[in-house]
Amino acid sequence: MLDINYLRENLKKLKTAAKNKKIVIDWDQLLKLDDQRRKLIQEMDNLRNQRNENANLLKDPKKRTSALIKEGRALKDKLASLESKYNLLLAQFEEIMVKVPIIPSADTPIGKDENDNVEIFKWGKPPKFDFKPKTYIELAENLDLLDLERGAKVSGYRGYYVKNEAVILQMGLMMFALNKLIAKGFTPIIPPTIVKEFVLFGSGYFNGKTYNPETDEIYKLANADKLSDGSIQKENKFLIGTAEPSLLAYYADEILEEKQLPIKFAGFSQCYRSEIGSYGKDTKGIYRVHEFMKVEQVCLTKADIAESDKIHLEMIEISKELHQDLKLPYRILQICTGDMSAGKYKMFDIEAWIPSKNGYGETGSASNFLDWQSRRLNVRYKDSKKNKNFVHMINNTAIPSPRFLISILENYQNKDGSIAVPEVLRPYLNNQDKIGPKEK
RNA sequence: GGAGAGGUGGCAGAGCGGUCGAAUGCACCGGUCUUGAAAACCGGAGCCCCGGCAACGGGGCCGUGGGUUCGAAUCCCACCCUCUCCGCCA
């Protein structure tokens, strides 16, 4: 949520930003509510001042007259009615306020939807097969690497089992990503995957102020757990869709020292997605699933756009390296305003080549939110002048399990249906260089 | 499944209807003293909101939200959380 004073000062730019991001805001109503809100605060503070003075007089038993007590009661009633009015107003005000976007970077392309995203970088050439390449589903079923039928039987639609060498490939990918990040100074973390509501609101994973199962792609736990004293825990809990929110909320309500920054986290977690808005999309295989593993990069930096921009690019360099080390052809798209959510300042997607798609498929997404998330999560730092500032927060995928698996299986396939093991993953597979049919 | 204790400033910890934005200790900042440092002594400190160019003024903040009261850190209720012990369990 933006600061209302900032909003008033940058109204024109914000209006443009909202328009470009296709977000509808009733600006007049918002400003009107804010005016009323301020006026009410003044009135209430006035009344409280009177109440306090009245109570002070009454401290002395000698001055305790029924007139003063009556006055006190009247003040109390008046205050109560203003307070309920204020609460109503505040709720209306915040409902609009949470939707106000931040202004995207100047270099963000202005566009309607994903068709207006701009390819800014490309690496590697799609492989040319001198045979008819198989899809990863065919390859995996022949080599007993995935079991989708039983996945659906046991877990339901979008359920899957990963088997045999694919398990080691998947775990190897996770370790490979973690090791690279650790070498670059990131702190490895396995965060909780069950989180409270504020974590997801703070990271911007709800469209509104609270969870909406119709629009938010988040699982909410149906049953509560028990507290240490045996009572039922009543607060709502959710499953994360990425380690990002858990990592961002790590320092919620804390004040950091400037010298701690930048903070770099490499989070490994299982990720859960309800895919509620994607029904009917990518219905086959493991391209779009309800759960997978991912290594995620998250950085907190000083409140300096040059600095967070720089780190953002460094994080993307790491994604590039990961793709290149695995020799997966990929490209990078800069995401346009219309395909960007409210809180994002600048965003890139990374897509690896998937032969069966005859195109690229998203394998990563890197976004700089500036202080949009840190305001909600209340993560600040003290600068050298002892001023408190909200940190900038940037996140980027390192490696998500299923889509890298898809890309590897298909790009590395041989004519005989076997799959070459990417060199950097061989150590995880006892230096095996090929995955062939199982002997039964 | 069962039994207790408790959440107060950066930390520790008192307060148990008005004298409390809150004792005390440690940590912190400024000063005196000292060649310098330490010690000692003196002084100062928090956050948020509203108004104001500012000096400043007003309000709020003792886990969170309600309630009782002229008045709540203190009383009542709900919620959140932590700790200890027994049981069960990965």
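Residue numbering restarts at 1 for every chain, and letters A, B, ... go by the order of the sequence lines. A quick note: this is a predicted structure, and the numbers were derived from the prediction, not measured.
- As rounded to the nearest Å, B:rA38 and B:rU32 have P atoms that lie 14 Å from one another.
- Atom CG of A:N56 and atom P of B:rG17 are 19 Å apart (whole Å).
- As rounded to whole Å, 12 Å separates atom P of B:rG60 from atom CG of A:N46.
- By the neighbour-count criterion of 12 heavy atoms within 6.0 Å, atom CD of A:E95 is sparsely surrounded, having that number or fewer from other residues, nucleotides or ligands.
- Residue A:D253 contributes atom CG, which lies 20 Å from atom P of B:rG46 at whole-angstrom precision.
- Proximity of A:N49 to the phosphate of B:rG58: no side-chain N or O atom is located under 4.0 Å from OP1 or OP2.
- B:rG36 sits 45 Å from B:rC53 when the C1' atoms are compared, rounded to a whole Å.
- Annotation: the span from A:S269 atom OG to A:I189 atom CD1 amounts to 11.5 Å, rounded to 0.5 Å.
- With A:Y287 as the aromatic partner, A:R403 meets the cation-pi criteria of under 6.0 angstrom to the ring centre and within 45 degrees of the ring axis.
- Following rounding to the nearest Å, A:Q50 (CD) and B:rG59 (P) show an atom-to-atom distance of 11 Å.
- For the C1' atom pair drawn from B:rC70 and B:rC61, the interatomic distance equals 22 Å after rounding to whole Å.
- Summarising the geometry, the separation between CG on A:N52 and C1' on B:rG21 is reported as 13 Å, rounded to the nearest angstrom.
- Look at A:R51 and A:E71 and you find no salt bridge, because none of the NZ, NE, NH1 or NH2 atoms lies under 4.0 Å from a carboxylate O.
- Distance noted for atom P between B:rG7 and B:rG63: 8 Å (whole Å).
- Between B:rA73 and B:rU8, the distance separating the two C1' atoms is 7 Å to the nearest Å.
- Spacing between B:rC42 and B:rC47 at atom P, rounded to whole Å, works out to 26 Å.
- Checking B:rC26 for Watson-Crick or G-U wobble geometry (two distances, each under 3.5 Å) identifies B:rG10 as its partner.
- Judged by distance alone, the side chain of A:N10 and the main-chain N or O of A:Y6 form a donor-acceptor pair under 3.5 Å.
- Look at the C1' atom in both B:rC16 and B:rG6: the space between them is 15 Å, to the nearest Å.
- The residues A:R426 and A:D433 are annotated as not salt-bridged, no charged nitrogen and carboxylate oxygen being separated by less than 4.0 angstrom.
- A distance-only check finds no donor-acceptor pair linking the side chain of A:R273 to the backbone of A:E217 [under 3.5 Å].
- Base pairing of B:rA40 is made with B:rU32, judged by Watson-Crick or G-U wobble geometry with both donor-acceptor distances under 3.5 Å.
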(request) Could you encode protein contacts along nucleotides 65-72 of chain B as a string, one character per nucleotide from 5' to 3', using B for base contact, S for sugar-phosphate-only contact and - for no contact, with a heavy-atom cut-off of under 4.0 Å? (result) ----BBS-
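- For the pair A:E53 CD and B:rG18 C1', the interatomic distance rounds to 15 Å; values are reported in whole Å.
- Side-chain rings of A:Y251 and A:Y381 stay apart, their centers remaining 6.0 Å or farther from each other.
- Across every strand in view, B:rA72 sits unpaired, with no contact that passes the Watson-Crick or G-U test at under 3.5 angstrom.
- Regarding A:M44, its CE atom lies at a distance of 14 Å from the C1' atom of B:rC48, rounded to whole Å.
- Ring centroid separation for the pair A:Y345 and A:H392 does not come in under the 6.0 Å cut-off.
- Across every strand in view, B:rC47 sits in a pair with B:rG60 that passes the Watson-Crick or G-U test at under 3.5 angstrom.
- In this entry B:rA90 has no Watson-Crick or G-U wobble partner, no candidate having both defining distances under 3.5 Å.
- Put simply, CG on A:L181 and CE on A:M315 are 9.0 Å apart, with the number rounded to the nearest 0.5 Å.
- Taking atom P in both B:rG13 and B:rC83, one finds a spacing of 15 Å when rounded to whole Å.
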List, with names and distances, any nitrogen or oxygen atoms from the protein found under 3.5 Å away from nitrogen or oxygen atoms belonging to nucleotides 49-51 of chain B.
unit_1: B:rC50; atom_1: O2'; unit_2: A:Q42; atom_2: NE2; d: 3.2
unit_1: B:rG51; atom_1: OP1; unit_2: A:R38; atom_2: NH1; d: 3.1
unit_1: B:rG51; atom_1: OP2; unit_2: A:R38; atom_2: NH1; d: 3.4

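- Legend: ring pair (Phe, Tyr, Trp, His ring centres under 6.0 Å) pairs involving residues 149-203 of chain A, not counting sequence neighbours: none detected.
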